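Below you'll find the structure, written out as structure tokens, and then a few comments.
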Amino acid sequence: MPPLKLAHQRPRGVIVIAVNGEMDATNRAQLEAYVRDLPVDLARGMVFDLSGVPFMDSSGLHVLLRCATDCLRNGGTVHLAGVQPLPARLFEITGVTAYVPVHDTVETAVAALTSAGHYL
């Protein structure tokens, strides 16, 4: 599978990681390394923009859950935005949506993090 296209930005101080491409075992390490190398304050949390991810297997899910766990341990949260139908089904089947907030857009995810007081 081709490598992921990854980028990040900081609207309103919130780290937003845009992921583009199919996420699976062949590119899992790429996303892990990208997140690890970012200067992220885990207590503030982060948003993953998944609007460019048409497919994700359990490997990609594992990376997101590890980030969510790391943030939670530090008092922050991971929010997901723009989830396409196939990854949304994976999140539904596995029960991820009960623990990781999912938003229609990056803007609503950023607003949820900022209103939670993490970015005052």
Side-chain angles (χ1 to χ4, degrees):
M1 195 148 308
L4 295 170
K5 293 179 185 171
L6 302 166
H8 68 280
Q9 57 180 322
R10 292 185 183 271
R12 296 170 56 186
V14 176
I15 187 83
V16 176
I17 301 169
V19 183
N20 287 284
E22 296 185 356
M23 291 175 58
D24 66 11
T26 66
N27 55 26
R28 164 194 178 154
Q30 180 190 359
L31 180 59
E32 287 175 324
Y34 189 85
V35 172
R36 182 182 58 245
D37 293 342
L38 282 177
V40 176
D41 180 355
L42 296 177
R44 291 186 158 199
M46 65 183 82
V47 173
F48 282 93
D49 177 0
L50 302 178
S51 60
V53 179
F55 171 81
M56 179 187 306
D57 72 4
S58 62
S59 299
L61 177 62
H62 179 79
V63 174
L64 297 177
L65 291 177
R66 178 176 285 166
C67 288
T69 300
D70 291 346
C71 283
L72 186 61
R73 285 185 186 142
N74 287 279
T77 57
V78 165
H79 291 244
L80 306 176
V83 179
Q84 292 194 33
L86 287 177
R89 181 72 177 133
L90 176 64
F91 297 156
E92 181 184 324
I93 290 169
T94 58
V96 167
T97 55
Y99 303 100
V100 180
V102 178
H103 305 272
D104 290 336
T105 66
V106 168
E107 293 77 17
T108 56
V110 168
L113 265 178
T114 56
S115 70
H118 294 291
Y119 286 86
L120 297 177

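Being a predicted model, the structure only gives us computed values, none of them experimental. Heads up: numbering here begins at 1 and tracks the sequence.
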Inset, instruction - Give the intermediate values and the outcome of side chain to side chain contact (heavy atoms under 4.5 Å, CB included) for residues Val14 and His79. - result: CA-CA 11 Å; Val14 176; His79 291 244; over 6 Å; no

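Other residues, nucleotides and ligands contribute only 12 or fewer heavy atoms inside 6.0 Å of the CG atom of Asp104.
Panel note: side chain Asp49, backbone Gly82; no donor-acceptor pair is recorded below 3.5 Å. Proximity of a side-chain donor or acceptor of Gln30 to a complementary backbone N or O of Leu4 within less than 3.5 Å is detected. Tyr99 places no side-chain N or O within 3.5 Å of a backbone atom of Leu65 that could act as its donor or acceptor partner.
The distance from atom CG of Leu90 to atom CE of Met56, rounded to the nearest 0.5 Å, is 7.0 Å. The distance from the CG atom of Leu113 to the CD1 atom of Ile15 is 11.5 Å, given to the nearest 0.5 Å.
Scanning all heavy atoms of the two residues, the minimum distance from Cys67 to Val35 falls at SG-CG1, 3.7 Å. Ala112 approaches Ser115 most closely through the heavy-atom pair O-OG, 3.1 Å. Taking every heavy atom of both residues into account, Ala88 and Val83 meet most closely at N-CG1, 3.4 Å.
Annotation: side chain of Leu38 is not in contact with side chain of Met46 (no heavy-atom distance under 4.5 Å). In this structure, the side chains of Ser59 and Met23 stay at 4.5 Å or more apart for every pair of heavy atoms.
Tracing side-chain contacts under 4.5 Å through hydrophobic residues (I, L, V, M, F, W, Y), one reaches Leu6 starting from Leu80; they form part of the same cluster. Linking ILVMFWY side-chain heavy atoms closer than 4.5 Å, directly or via other members, places Tyr34 and Leu64 in a single hydrophobic cluster.
The side-chain contact (heavy atoms from CB on, under 4.5 Å) with Phe91 is formed by just one residue from the set Val96, Leu86, Val100; it is Val96.
Using a 4.0 Å cut-off between charged nitrogen and carboxylate oxygen, Glu32 and Arg28 count as a salt-bridge pair.
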